[in-house]
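This report concerns only the one structure given below.
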Amino acid sequence: MLLGLLTGAAVQGCNPACTFRQTVNAPENLSMRRSMLKTAMGDVCTQLKNRNAPLRLTADSPVIGRFYPNQCTANDGDLLNISFAGYGYAWTNLSKKATFTGVASAGFRYDFQVTESGACDIYAYFRPSRIDTATFTTHRLESALATAFNGGALGDSFGKQTLSQKLQDGFTVIAKDADEKNAELALGIVPVGQKPFHPFQATSTDGKITYENDRTEVHQNERDFVGPIVVTEEKRSLFLTANLDGAPAVDVLVMRKADAEVALQAYFEIAQAGPMVGMPLVSDVLNTGKPMQRAIVVPPGTYYVVFDNTSSAGQTAPVINALDDRAAVINYLIQIGDAS
């Protein structure tokens, strides 16, 4: 997207962002950068709805839940004005699993810079100019005790404050090696050249596209749905690298979109995790001390990777102890690449 805008066409064996970065980065060329980025933002809602937003308490802490945008409108002028809605889940000590819906509307100033050295990564910045709305509504609470003590109202207040803060932090889109296929979304403003925390080293030299490279915390009787992962070409594989700490084993399920989203909706609607709805394409076990490396050949389509720490799906049956929550901490790398 941005790479094509810099030259109109890619140059064989050369990253055009490197060739023109001094001109592009010049402070006096802000209007040029804004014009280029404005053109590139045409599919911002498509991109937003084709990913999840990992939720965490601090920038370097594990993922504790996810938000899945399913509605979006955007228009750009001097600001990128965007409104979106969606649903998700998160885990807290008080509520255990909490599911929720969220709606937000905000205006962002936008700009981008190209790194001065190395691979010429592009950092696109979206800084908030105004926050119009940020509404968070608790849907289900797993903990009966939290429900009895008006946990829904507390959840609404906490969630709205959290959502508003995330919008106030803005966000950064990093296109590694100026390649829109290898872009990542980071909450907050990431200085040019710096990278958000990732548990695995991943480069673009092997031709793989990195979907997520992160750390998630899956508590007793909980699941985490990583997706949607869109594969657009034939003869491609999902490459999954993972390791586990904190629990003996968890199930790793690769599911097609239709099955995964029915299962995700059930997880959203029902307070306690029940049997998995739908059949996985692949079912495997990730054990502590035994890192996983899998290549799964898939046809074009949309997929989810589900980390399951329950006894009602997959092959494992973790012991449930109310006084000893053995949360599974999973480092994972999900990539798309050529099938060998």
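Only a predicted model underlies this, so the values are computations on that prediction, with no experimental measurement involved. Computed over heavy atoms, backbone and side chain alike; hydrogens, waters and symmetry mates excluded.
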Using a distance-only test with no angle check, is there a side-chain donor-acceptor pair under 3.5 angstrom linking [X] and [Y]?
X	Y	value
Y68	Y89	yes
Q220	N309	no
N52	E212	yes
E269	Q265	yes
R130	N81	yes

About how many Å separate [atom2] of [Y] and [atom1] of [X], when rounded to the nearest 0.5 Å?
X	Y	atom1	atom2	result
T316	D308	OG1	CG	6.5 Å
Q315	L253	CD	CG	9.0 Å
L240	I229	CG	CD1	8.5 Å
Y110	L79	OH	CG	7.5 Å
T23	E28	OG1	CD	9.0 Å
I122	T172	CD1	OG1	13.5 Å

Q.
I'd like to know whether K96 forms a side-chain contact (heavy atoms from CB on, under 4.5 Å) with L141, so could you lay out the CA-CA distance, the side-chain angles of the two residues, the decisive distance to 0.1 Å, and finally the verdict.
A. CA-CA 7 Å; K96 296 190 176 180; L141 295 176; over 6 Å; no

If every non-hydrogen atom of [X] is compared with every non-hydrogen atom of [Y], which pair is closest and at what distance?
X	Y	value
G314	S283	CA-OG, 4.4 Å
Y267	K97	O-NZ, 2.7 Å
A313	D251	O-OD2, 3.2 Å
Y304	A260	CD1-CB, 3.4 Å
T310	A273	CG2-CB, 4.3 Å
P280	M255	CA-CG, 4.0 Å

Q. What do the steps show when you test Y123 against F112 for ring-ring contact (aromatic ring centres under 6.0 Å, His included), and what is the final call?
A. CA-CA 5 Å; Y123 284 64; F112 75 89; over 10 Å; no

Q: Quick one: do K49 and F84 satisfy side-chain contact (heavy atoms from CB on, under 4.5 Å)? Show the steps, please.
A: CA-CA 9 Å; K49 291 190 290 184; F84 62 89; over 6 Å; no

Q: Begin from the C-alpha positions of H139 and F268 and carry the test ring-ring contact (aromatic ring centres under 6.0 Å, His included) through to its verdict.
A: CA-CA 8 Å; H139 185 64; F268 174 76; 4.4 Å; yes

Q. R215 pairs by side chain to side chain donor-acceptor pair (under 3.5 Å) with which of D245, N243, D60, N331?
A. N331

If Ile, Leu, Val, Met, Phe, Trp and Tyr residues are connected whenever their side-chain heavy atoms lie under 4.5 Å apart, and connections chain through other members, are [X] and [Y] in the same group?
X	Y	answer
Y125	I174	yes
F200	V305	no
I330	M276	no

More than 12 heavy atoms of other residues, nucleotides or ligands under 6.0 Å from [atom1] of [X]: is that the case?
X	atom1	result
M32	CE	yes
N50	CG	yes
Q22	CD	no
R256	CZ	no

Q) Does D338 come within less than 4.0 Å of R236, counting only side-chain N to carboxylate O? A) yes

Q) Is R56 salt-bridged to D214, cutoff N-O under 4.0 Å? A) yes

Using modelled atom types and a 3.5 Å cut-off, is there a donor and acceptor pairing between side-chain atoms of [X] and backbone atoms of [Y]?
X	Y	value
T137	T101	no
R66	P54	no
R21	T115	yes

Side-chain touch [X]/[Y], heavy atoms, less than 4.5 angstrom:
X	Y	answer
I336	F239	no
D259	V277	no
L333	Q335	yes
W91	D325	yes

Q.
Quick check on side chain to side chain contact (heavy atoms under 4.5 Å, CB included): which of L244, V226, T241 does Y332 satisfy it with?
A. V226

Q) Taking the six-membered ring of Y303 as reference, does the NZ or CZ atom of K257 fall below 6.0 Å from its centre and within a 45° cone about the axis? A) no

Q. Going through the distances and angles, do V24 and R33 end up as a side-chain contact (heavy atoms from CB on, under 4.5 Å)?
A. CA-CA 7 Å; V24 169; R33 292 194 303 274; 3.9 Å; yes

(Q) Applying side-chain contact (heavy atoms from CB on, under 4.5 Å) to S95 and E142, what does each step give before you reach the verdict? (A) CA-CA 6 Å; S95 65; E142 180 180 353; over 6 Å; no

Q: Report the C-alpha distance between K195 and D121 in whole Å, list the side-chain angles of each, state the deciding distance to 0.1 Å, and finish with yes or no for salt bridge (Lys or Arg N to Asp or Glu O under 4.0 Å).
A: CA-CA 11 Å; K195 298 293 176 64; D121 300 332; 3.3 Å; yes

